[in-house]
2 protein chains.
Amino acid sequence: MTEATATKASRRADAQRNYDRLLVVAREAVAARGADIVLEDIARDAGVGIGTLYRHFPTRQDLLEATFLDEAVELREYAEKLAHEADALGALVSWLRQQIDFGAHGRSMGSAVMNAKHTEGSEINSACVAMRESGDVLLKRAQAAGVVREEVNLLDVLRLIHAIVIANEQSPDPDQVQRMLDLVIAGMLT
Amino acid sequence: MTEATATKASRRADAQRNYDRLLVVAREAVAARGADIVLEDIARDAGVGIGTLYRHFPTRQDLLEATFLDEAVELREYAEKLAHEADALGALVSWLRQQIDFGAHGRSMGSAVMNAKHTEGSEINSACVAMRESGDVLLKRAQAAGVVREEVNLLDVLRLIHAIVIANEQSPDPDQVQRMLDLVIAGMLT
DNA sequence: ACCTGAACACCGTTCAAGT
DNA sequence: ACCTGAACACCGTTCAAGT
């Protein structure tokens with residue numbers, strides 16, 4: 001799988017290398033210990049000064065969003081693959097399940113994504129929009145098949161899914177997470 | 001309404017007064033600005049040293065849980081009142097709605113309660129257990145009336161409700177919150 | 001038994017100086 | 001144009017001294 005990293009033609013080569021290093025380190029840190037990463041540690045492990053981190057990611061949110069970029073891309077690809085499955089409801093459920101698994105793995109990604117004030121036109125913003133669009137296809141198919149209620153809205157469902165992720169960050173009980181997901185899915189059905 | 005404050009016969013009068021003051025200030029602060037309260041500010045506004053705050057509330061979590069005590073008591077009373085209503089489902093829905101309203105008002109109370117490792121026998125623990133018990137009556141009634149599925153579990157529902165609260169702390173959109181709640185309720189129905 | 005607040009530690013953020 | 005890291009600020013937490 002190719003890593004999705006922001007690339008600007010205008011960026012100097014060393015700047016791009018620092019950007020990439022920061023992102024790699026941040027991804028590992030977030031996956032291991034959650035969103036409460038220590039920015040100084042990230043900079044040190046990436047071999048750059050703390051000021052460089054701030055130059056590339058002015059806010060913690062910016063760094064977290066960038067960290068999520070890969071997963072947003074994967075989730076879009078996954079949705080596109082699922083769109084060809086015969087079982088429309090099963091496809092939608094699998095996709096939502098994957099959202100939770102990514103969230104659980106990447107810890108506070110749910111929060112990062114949910115609170116994202118994605119800058120218009122930014123790469124992370126495009127990736128999220130694309131992810132939602134392909135997810136919406138899955139929802140629409142399930143609705144067309146008559147198994148999901150027409151009023152159900154993708155943004156509401158995703159937010160609920162991410163809420164589950166956030167709520168289960170501290171002491172995750174996989175069985176309870178599954179039951180909570182089942183409740184939400186049951187709520188979508190006709 | 002009488003304020004529910006932890007009271008120990010063994011506690012010295014001045015200690016009790018400090019405890020109460022800290023709680024009053026903390027409640028105001030949490031209601032106004034959320035769970036990210038600055039402990040030193042709480043202590044200063046309560047007119048006590050920071051060490052006194054730590055003596056009474058060894059962890060931030062302890063303080064937040066104590067802050068929620070009043071609401072837990074109210075939620076139990078409300079559930080008991082609702083238990084006499086004819087409309088079993090309506091009663092349950094009203095109670096869940098109140099959980100969200102309290103959470104939205106008190107901000108991160110959802111998180112505080114959800115992650116509570118309530119010490120066995122503590123006042124806040126008893127209050128939460130009592131709240132859940134009277135809430136469970138509402139759920140059981142709705143199930144007995146045949147409108148809510150038998151497999152639905154109160155703890156799962158409450159956790160989902162609190163997840164909604166947490167997820168909507170930053171930029172609450174009342175309409176979306178309502179739709180998310182509606183989804184969960186729809187998921188409970190037979 | 002309880003309170004105080006100085007002291008320490010940790011971490012986020014800025015910015016002047018350097019390449 | 002970008003990087004560095006010292007410097008500052010803020011806040012959490014402890015603990016010796018006091019009542």
Side-chain angles (χ1 to χ4, degrees), chain A residues 5-30 32-67 107-108 111-112 115 117 119 170, chain B residues 5-26 28-30 32-67 107-108 111-112 115 117 122-123 170:
Chain A
T5 43
T7 318
K8 274 188 194 165
S10 59
R11 192 143 40 191
R12 247 169 39 178
D14 57 339
Q16 181 66 46
R17 199 179 58 237
N18 284 339
Y19 183 99
D20 292 345
R21 279 184 184 166
L22 283 165
L23 213 41
V24 167
V25 172
R27 261 196 274 266
E28 282 170 11
V30 168
R33 291 177 299 278
D36 287 342
I37 49 178
V38 177
L39 299 186
E40 248 169 21
D41 290 353
I42 304 293
R44 182 174 36 73
D45 292 356
V48 305
I50 180 67
T52 303
L53 185 150
Y54 273 93
R55 161 167 279 262
H56 288 304
F57 306 101
T59 71
R60 167 184 296 268
Q61 182 69 23
D62 288 326
L63 182 56
L64 289 178
E65 287 182 20
T67 300
R107 306 281 187 95
S108 295
S111 150
N115 298 323
K117 328 177 202 31
T119 320
Q170 312 298 335
Chain B
T5 42
T7 318
K8 274 187 192 164
S10 58
R11 192 143 40 191
R12 246 168 40 178
D14 56 342
Q16 180 67 45
R17 199 180 56 236
N18 285 339
Y19 183 100
D20 292 345
R21 279 185 184 165
L22 282 166
L23 214 41
V24 167
V25 172
E28 281 170 12
V30 168
R33 288 177 300 278
D36 287 342
I37 48 178
V38 177
L39 299 186
E40 246 169 22
D41 290 353
I42 303 294
R44 181 174 35 74
D45 291 355
V48 305
I50 182 64
T52 303
L53 184 152
Y54 273 93
R55 160 167 280 263
H56 288 305
F57 307 101
T59 70
R60 168 184 295 267
Q61 182 68 24
D62 288 325
L63 181 56
L64 289 178
E65 288 182 19
T67 300
R107 304 283 186 94
S108 296
S111 150
N115 298 322
K117 327 177 203 30
S122 72
E123 191 174 16
Q170 311 299 335

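The structure presented is a predicted model; accordingly, all values stated were derived computationally and were not measured. Numbered from 1 within each chain, the chains take letters A, B, ... in sequence-line order.
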A:Asp14 has its side chain closest, among C:dC3, D:dG12, D:dC3, to D:dC3
If we call it a pair only when both distances are under 3.5 Å in a Watson-Crick or G-U wobble match, what pairs with D:dC3? none
The side chain of A:Ile50 lies closest to which of these nucleotides: D:dC3, D:dA6, C:dG12? D:dA6
Between A:Asp20 and A:Arg17 (salt bridge meaning N to carboxylate O under 4.0 Å), is one present in this structure? no
So B:Tyr19 and B:Phe57, would you call those rings parallel, tilted or perpendicular, with 30° and 60° as cut-offs? tilted
Partner of C:dA17 under the Watson-Crick or G-U wobble criteria, both distances under 3.5 Å, comes out as none
Counting only Watson-Crick or G-U wobble pairs whose two distances fall under 3.5 Å, which nucleotide matches C:dC10? none
NA contact type, B:Ile42, heavy-atom cut-off 4.0 Å: base, sugar-phosphate, or nothing? nothing
With a 3.5 Å distance limit and no angle check, can you tell me whether A:Arg60 reaches the backbone of A:Ile37 through a side-chain donor-acceptor pair? yes
With the side chain defined as heavy atoms from C-beta on, B:Tyr54 is closest, among D:dC3, C:dG12, D:dT14, to D:dT14
Here the distance between atom C1' of C:dT4 and atom CG of B:Asn18, to the nearest Å, is 11 Å
Quick one: B:Leu53 CG to D:dT13 C1', roughly how many Å, whole number? 11 Å
Rounded to the nearest angstrom, tell me the gap between atom NE2 in A:His56 and atom C1' in D:dC3. 9 Å
Integer-rounded Å distance: D:dG12 P and B:Phe57 CZ: 15 Å
Return the CG to CG distance between A:Leu23 and A:Asn18, rounded to the nearest 0.5 Å. 12.0 Å
Nearest-Å distance, CG (A:Leu63) to P (C:dT13)? 11 Å
Distance check needed: C:dG12 C1' versus A:Asp36 CG, whole Å only. 13 Å
Take atom CD of A:Glu40 and atom P of D:dA9, then tell me their distance rounded to the nearest Å. 16 Å
So which atom in A:Asp45 and which in A:Val25 form the shortest heavy-atom distance, rounded to 0.1 Å? CB-CG1, 3.6 Å
More 5' along DNA chain D: A:Arg55 or A:Gly51, using each one's nearest nucleotide? A:Arg55
Could you tell me the separation between the CG atom of A:Leu39 and the P atom of D:dA9, rounded to a whole number of Å? 20 Å
